[in-house]
Amino acid sequence: MAHIVILGAGLGGVPMALEMRQKAGSADKVTVINNRPTFDFTPSNPWVAVDWRKPDDIRVELQPMFKRRNIDFVCAMAKRIDPENKKIELEGQPDIEYDFLVIATGPELNFGAIDGFGPNANTVSICSTDHAEQARTKWLKFVEKPGPIVVGAVQGASCYGPAYEFALIMETDLRRRKIRDQVPMTFVTAEPFIGHLGLGGVGDTKTMLEAELRNRHINWICNAKVTKVDAGMMEVEEMNIDGSIKQMHKLPFEHSMMIPGFKGIDAVQGIDGLVNPMGFVLVDEHQRNSKYPDIFSVGVCIAIPPVGATAVPVGVPKTGFMIESMVRAAALNIQALLNGNEPNHKASWNAVCLADFGDGGVAFIAMPQIPPRNVCWASQGKWVHYGKVAFEKFFLGKVKRGVSESFFEKLTLNLLGLAKEK
Ligand SMILES: Cc1cc2nc3c(=O)[nH]c(=O)nc-3n(C[C@H](O)[C@H](O)[C@H](O)COP(=O)(O)OP(=O)(O)OC[C@H]3O[C@@H](n4cnc5c(N)ncnc54)[C@H](O)[C@@H]3O)c2cc1C
């Protein structure tokens, strides 16, 4: 009998546990450890932050769902992974030993890298549902006394789609409230150009997103390095390609959300051979760590190099489709090992994105995610907003029932089908 432990129950960890349960033998045990009792659907956080969703609308209680699927659930914070002794130290609970471990913890949010940055200081965050709930409280105060907004993603961020989404969702909400005329908006990003998205652009995302910002009177600053955030004031250096400063900006704001850089969680930081200097888990093409071959990893917590050199550091996003394919490969590879075979399944690393703008949006598919690509498609329209609402309902429904499915692959195939019909 083998004990397979999945650390983290987010977009990667939940499907990982469900797939692993199907692929492991009936005598094998599958355990999930997560530091909170619920699965939170992160892609809906921007809607929570403008009060279009309540946190409970996008949450699923994990314990009953996993129990129905014969998966053990431990609600605890992992303090430290001990790969030499194949165990995980937990806060306030006994250690858990494993035969195979899948690390699926997502990122640690690196707000500490910039003075005055983050939800405990001067900006709000949408990276977790708890943060989005705090942001919602501030938003409801802000709309009573509107002023300038600064929104975007700081140097080293690797998640740009949600920054555009949130800028345009706030803009839509302000128009609906008839107070848009009182809110100057600036989009500040580390990307070298609008629509780069950490991917060198996808199809015509540059033109599409520039047009969207222009049409909605949102100014932008690219190649931006945020140096300091005071209450109501952000200091930004706009860089030239050679790394020299082109212009310094002092941007006043009443409300600000900037996506932070990510790093690995504390429980793995500094473990030689397991993680890189930022704490991201090192995996081979089979999602497996070379030094500790009983450890696999999926999702935002794995190490991926950037697409190319930029004036300001820009990370590569790890999105749902890619994470789903990592999960499938990791589950099949652990199954192979349980059956005495060698792992040979690889993730496909494609990207599909529905970026909602509240009353419209941009959809794109990049296969593979890193250029040059076989498929590179982008489109826009009202249908993207409705598509994202439908996808949220579909995904949460499947998690509630404990069904693992290729959600993102299906979405991609349907979108490509629609594109062909056009
Ligand atoms: C605001 C936002 C919107 C996004 N929208 C999209 C989108 O529309 N489409 C898309 O494809 N991608 C989107 N992404 C990117 C990506 O798909 C998500 O970030 C996704 O949630 C990542 O999944 P994950 O499993 O790697 O990490 P997470 O979903 O963050 O899950 C990690 C889990 O591990 C737990 N954990 C962390 N540390 C510990 C510990 N020490 N002990 C125990 N448990 C721990 C966390 O509580 C969490 O439950 C978005 C990202 C953000 C931030």
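Start at 1 and go down the list; that is how both ligands and their atoms are numbered. Just so we're clear, the structure is a prediction, and the values are computed from it rather than from any experiment.
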Side chains of [Y] and [X]: any donor to acceptor distance under 3.5 Å?
X: T227; Y: E237; result: no
X: E212; Y: Y164; result: no
X: D57; Y: W47; result: no
X: E97; Y: H3; result: no

Residue, atom name and distance, where the atom is the protein heavy atom closest to [atom]:
atom: atom 34 (O) of ligand 1; value: G8 CA, 3.3 Å
atom: atom 26 (O) of ligand 1; value: V300 N, 2.9 Å
atom: atom 40 (C) of ligand 1; value: M77 SD, 3.6 Å
atom: atom 53 (C) of ligand 1; value: T42 CG2, 3.8 Å
atom: atom 1 (C) of ligand 1; value: I126 O, 3.4 Å
atom: atom 36 (N) of ligand 1; value: N35 OD1, 3.7 Å
atom: atom 29 (O) of ligand 1; value: L11 N, 3.3 Å
atom: atom 42 (N) of ligand 1; value: A78 N, 2.9 Å

Would you mind listing which atoms of ligand 1 come within a distance below 4.0 Å of any non-hydrogen atom of [X]?
X: K388; result: 7 (C), 8 (O)
X: F408; result: 11 (O)
X: I265; result: 38 (N), 41 (N)
X: G299; result: 26 (O)
X: I323; result: 17 (O), 22 (C), 23 (O)
X: A104; result: 32 (C), 33 (C), 34 (O)

Within reach of ligand 1, part of [X] (heavy-atom separation under 4.0 Å):
X: F166; answer: neither
X: I259; answer: neither
X: K318; answer: backbone

message: Any nitrogen or oxygen of N45 lying under 3.5 Å from a nitrogen or oxygen in ligand 1? Just yes or no.
response: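 No.
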
- prompt: Is the F395 ring parallel, tilted or perpendicular to the F39 ring (thresholds 30°, 60°)?
  reply: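 F395 and F39: parallel rings.
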
message: Ring-plane angle category for W52 and H385, please: parallel below 30°, perpendicular beyond 60°, tilted otherwise.
response: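 The arrangement is perpendicular - the two ring planes meet at more than 60°.
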
message: Under the rule for side-chain contact (heavy atoms from CB on, under 4.5 Å), what residues qualify as partners of P146, not counting sequence neighbours?
response: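 F142, I179, Q182, V183.
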
Test: [X] and [Y] ion pair at under 4.0 Å:
X: D173; Y: R177; value: yes
X: K263; Y: E108; value: no
X: K228; Y: D115; value: no
X: E324; Y: R328; value: no
X: D51; Y: K54; value: yes
X: E392; Y: K388; value: no

Winner among [options] once heavy atoms are compared against [atom]:
atom: atom 31 (O) of ligand 1; options: C75, G10, C301, A351; result: G10
atom: atom 6 (C) of ligand 1; options: G12, A132, P43; result: P43
atom: atom 4 (C) of ligand 1; options: P162, G13, G320; result: P162
atom: atom 49 (O) of ligand 1; options: L7, N34, V352; result: N34

field: Under-4.0 Å heavy-atom contact between protein and atom 14 (N) of ligand 1
entry: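 Under 4.0 Å from atom 14 (N) of ligand 1, zero protein heavy atoms found.
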
So is [X] touching ligand 1 or not, going by heavy atoms under 4.0 Å?
X: C159; value: yes
X: A9; value: yes
X: A76; value: yes

- prompt: What heavy-atom pair brings G195 and L209 nearest, and what distance separates the two atoms?
  reply: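 Nearest pair, atom of G195 first, then L209: CA-CD1, 3.6 Å.
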
Name the atoms and distances for all side-chain donor-acceptor pairs under 3.5 Å in residues 152-160, with sequence neighbours left out.
from, atom 1, to, atom 2, distance (Å)
Q155, OE1, V226, N, 2.8
Q155, NE2, V226, O, 2.7
Y160, OH, A157, O, 2.8

